Amino acid sequence: MYFSFVSGNPALDLAGTVATRRDDPVDLLAAPADLERWVAECDGLPDRVTADPAAFASAISLREAVYRLALDRVLGRPFDPGGLDIVNGTAAGPVPTMRLSDAGLQVSGDIRAVLSHLARSAITVLADPHARLKECGRAACTRIYLDRSRGARRTWCGMDECGNRVKAAAYRARRRASATAVGRESGAARDDLPPLSR
Ligand SMILES: [Zn+2]
């Protein structure tokens, strides 16, 4: 399992660590070590944090609150009060420190600071009336992303993650359909096949 960072916002990427939420949820953050790896891979966060079980539980609760609020935004309904409490409460904590040097950006802080930063990122995007939040067009995916494309024409959370899969499936379906059509024309469509034992 690999993490993808295609949502355009780190808090939405965190929410995206549960895949296929509606049908058969797959949780990519099964243990504190997964969270540590996710933080290390996410741009703009410290390279190395340690997560104890309590911090891990807070991260999961923040993640679910962010997802709930983002879905509220997508569906145009009022924010869930419990979700607001979690996100606002987490955002009130200390945040990571940032340092600029010739080597670039260096971000440091512990897991609590990381969660606070993620909660603030969630607030920033969810409070922006111009932010176009969408759910991925591949129905099973359920990832919510920020569409920054010109004219907001983006349909998928990511081409590699979903767009190409949907296109490949549509191509296969078209091929099947045309193969069936050809079969019917020659009298050999599946339903018309004679019994094998004849
Ligand atoms: Zn997707």
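Only a predicted model underlies this, so the values are computations on that prediction, with no experimental measurement involved. Order of listing sets the numbers, starting from 1, for every ligand and every atom in it.
- Screening residues 72-82 for side chain to side chain donor-acceptor pair (under 3.5 Å), with sequence neighbours left out, gives R68-D72, D72-R77.
- A salt bridge is absent between D160 and R165: the closest approach of a Lys/Arg side-chain nitrogen to an acidic carboxylate oxygen does not fall below 4.0 angstrom.
- No option in I111, L115, L118 other than I111 meets the side-chain contact (heavy atoms from CB on, under 4.5 Å) test with V39.
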Would you mind writing out the side-chain donor-acceptor pairs for residues 23-32 within the sub-3.5 Å range, not counting sequence neighbours?
from	atom 1	to	atom 2	distance (Å)
D27	OD1	L29	N	2.8
D27	OD1	R63	NH1	2.9
D27	OD2	R63	NH2	2.9

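- Around the Zn ion (ligand 1), protein N, O or S atoms at less than 2.8 Å number 4.
- The side chain to side chain donor-acceptor pair (under 3.5 Å) pairs that include a residue from residues 118-134 are K134-D147, where partners are two or more places apart or lie in different chains.
- For the atom pair CD1 (I144) and CG (L75), the distance works out to 7.5 Å, reported to the nearest 0.5 Å.
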